[in-house]
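First comes the structure, then the notes that go with it.
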There are 2 protein chains.
Amino acid sequence: MSSEVRGARRGVKGHPKSGPSIGDVARLAGVSSQTVSRVSTGSEPVKAETRERVLDAMRQLGYAPNLAARALRQGNFRSIGLIAHQVIRTGESKTIEAVIEAARLEGYSVSLVDVETPSSSDVSEAVQHLSHQAIDGLIIIRAETATPAALALPPTMPVAVSDSRFIGHHPAVGADQIGGSRAAVQHLLDLGHATVHHIAGPADSGPADLRATAWRQTLTSAGREVQEPFGGDWSAEAGYTIGSEIAQRDDVTAVFAANDEMAAGLIHALHEAGRRVPDDVSVVGFDDIDLAAHLWPPLTTVRQEFHQIGHDLVEVIMRQLGGREQLTGYHGTVPAPLIVRQSTAAPRKRRRTRR
Amino acid sequence: MSSEVRGARRGVKGHPKSGPSIGDVARLAGVSSQTVSRVSTGSEPVKAETRERVLDAMRQLGYAPNLAARALRQGNFRSIGLIAHQVIRTGESKTIEAVIEAARLEGYSVSLVDVETPSSSDVSEAVQHLSHQAIDGLIIIRAETATPAALALPPTMPVAVSDSRFIGHHPAVGADQIGGSRAAVQHLLDLGHATVHHIAGPADSGPADLRATAWRQTLTSAGREVQEPFGGDWSAEAGYTIGSEIAQRDDVTAVFAANDEMAAGLIHALHEAGRRVPDDVSVVGFDDIDLAAHLWPPLTTVRQEFHQIGHDLVEVIMRQLGGREQLTGYHGTVPAPLIVRQSTAAPRKRRRTRR
DNA sequence: ACGCAATCTGTTCACGTAAACATTTTTGGC
DNA sequence: GCCAAAAATGTTTACGTGAACAGATTGCGT
């Protein structure tokens, strides 16, 4: 395989890469470049015969429109920026999938920036990078370290957010954190538990805060004792550490964990200490990750409809792009139903009959 | 808040959106636009004093370079396309995170196209959409339904692939599927199991095929019986269904599942049927997802270094973009170590002492 | 067959940027 | 202090596209 001749790009003076242009197609088809453009965009009618000739030429040359030129001319990129805190988390990846799907239906692609490292400068750097650039709108799924003020977005940039801390500052879509949390806690109370303990998410997380607040309120309005919540960070590891502590205590019979991973870690620790779930301790999670149904015991949890949320986020962007709707105060809420499985039961040794 | 004046875009004739241009900055700073360009790109030296003046003007106007124009002029987008089969799978999302991180270090952004729906027309549509367009390279993490031929990529497009079916067609980076699988099976044999059963991934998946082959070879070269593998689809649900069947059989003492999710489903079914893990049945997974250590019992599994793989994929793209290296036959392999936890033990009731 | 309208197609131009080339200013060796 | 070399800056131009406008062709009623 001689590798000598290979790599001869285009003409001598031509820029690297770029394939055949609209002009090449026009020449081959014997029409003006504007007509090629019309065929390409479908913006104006072209006589059927002419269109065929142009399409033939396109195929023959392997023409594809140059998106950079198109974006420059039209002032938009048909692309949406996406900021997520951690792609790896079930909630975020499911939402991302849905966003991509919905965006594609609208003819938009998605540019993804993960903001893993939790320094706030990273976040604003990410936004800087995205905001002025090759995107027409910005979806923020979660940005743990950023505040609305820190974003410094250009005022014309459409934004949609699923992180509750941004509600009021930007249009938002999110699961009904409060309703879901309330249902989880109430479920445990209804089973006969005297109170419910809570493993919270990180202090700076909006959703974590909402879940903790709803947990507290539900207990309070039922007249139950409110114990200090345990502080977690969403990870199974944290759940495990906290669980090792809980396993030593006799007074904990029911735990509402702020997400499923922490619930899994908790159950792991309880198993290891010889405490039974749900006989000794009932556990409820949040998210309904795919594995929740296959943990042992299968996990009772609050389901977030991430697919719906992702689609709604894109819709919010599209509404801003289309009409110049003012949506700043918008807040869409998606129901978060409680899914009862086998990690919850009446307290103590009385095995509860499944209903 | 009157909403009447809002939305007055730029000048009467100006295109929508676009902010201040290089020319506006030049005028304000009293230099030529080319000098502003030099400051902006850092391509050529500019006298310190002049640079300051230009930077001031940029700040004052809130200037940000127009990426479309830049891409048009330079012929590249500083963006990498990414095709994944399912963002939700641990392996893929971890790889995606790493790709994004590595790309950002190179000053590239990542455009993500998920190809969830398993019709092959979707895949080629996705590639069509991406390949000719706003990207300079393409990373394919997994494309279950596409074949190398079906991709129809422009020959100049740099590609990097982590799906083994593409090896030989495109430069590839991947975990050492064979070594990892071999270690898993050998581990079980070393514990004293007569043979090892296998829950395979989907038939059309390259990695699934490799793992099954390595499993078979390891058994054969040890002179052990090879049972027909169970056919799964990566999902915990499939693992559960197969597990319900396995739980009925007395002859299965050790199972190597092609991924952790299926292993989780399997364990779930075994628990439910009253079979003990690892006392009655040993289980090994593949991937080492975050939850693997917190399943009950904690799962022995083969770790894939997704982070490394993601970085390597980007490096492969960069090498093609930089020098015009010929990498078609390249195949980088990342070690896949066995992580022994507590889901494996010697067969039958003899409880194994932890080492 | 004529002329007007409607439809289709061609020409010109600007989007914002950076490469290529041209010019000016500074630097340094003697 | 003078001239050549180097450094800094300016001018011109093209990247590929599609809007605006202009011109050509067709259809249709009479």
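Computed from a prediction, not measured in an experiment: that's the story for all the values here. Naming: A, B, ... by sequence-line order, numbering from 1 per chain.
Counting to the nearest Å, the P atom of C:dA18 and the CG atom of B:N76 are 11 Å from each other. The nearest whole Å value for the distance from the CG atom in B:L67 to the P atom in C:dC15 is 18 Å. For the pair B:Q74 CD and D:dA14 C1', the computed distance is 14 Å after rounding to whole Å. Atom CG in B:N66 sits about 17 Å away from atom P in D:dG16, given to the nearest Å. Taking atom OH of residue A:Y63 and atom P of nucleotide D:dG16, one finds them 10 Å apart after rounding to whole Å. Across the protein-nucleic acid pair, B:L72 atom CG and C:dT17 atom P stand 11 Å apart, rounded to whole Å. In this structure, CZ of B:R73 is placed 14 Å from C1' of C:dC15, rounded to the nearest angstrom. Look at CD1 on A:I22: it is 12 Å from P on C:dG10, rounded to the nearest Å.
Residues B:E97 and B:H307 bring no donor and acceptor atom of their side chains to less than 3.5 Å of each other. The closest side-chain donor-acceptor pair between A:T35 and A:R51, if any, does not fall under 3.5 angstrom. For the residue pair A:R27 / A:S33, no side-chain donor-acceptor distance below 3.5 Å is found, with atom types taken as modelled.
Taking only side-chain nitrogens and oxygens, B:R70 comes nearer than 4.0 Å to OP1 or OP2 of C:dA18.
Side-chain atoms of B:T41 come within 3.5 Å of backbone N or O of B:S37 as a donor-acceptor pair.
Residues satisfying the salt bridge (Lys or Arg N to Asp or Glu O under 4.0 Å) test with A:E106, not counting sequence neighbours, are none.
Only A:V46, A:K47, A:T50, listed by number, bring a heavy atom of residues 46-61 of chain A to less than 4.0 angstrom from any atom of DNA chain C. Taking every heavy atom of residues 26-44 of chain B and every atom of DNA chain C, pairs under 4.0 Å involve B:Q34, B:S37, B:T41, by number.
For the pair A:D56 and A:R53, the salt-bridge criterion is not met [side-chain N within less than 4.0 Å of a carboxylate O].
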> Can you list the steps and then say if B:V316 with B:Y330 is a side-chain contact (heavy atoms from CB on, under 4.5 Å)?
Replying inline: CA-CA 9 Å; B:V316 167; B:Y330 178 82; 3.8 Å; yes
>> Does A:D136 form a side-chain contact (heavy atoms from CB on, under 4.5 Å) with A:I80? I'd like the steps, not just the answer.
In response: CA-CA 6 Å; A:D136 308 312; A:I80 297 174; 5.9 Å; no
> Passes side-chain contact (heavy atoms from CB on, under 4.5 Å), B:V110 versus B:R104? Steps please.
Replying inline: CA-CA 8 Å; B:V110 173; B:R104 186 165 50 164; over 6 Å; no
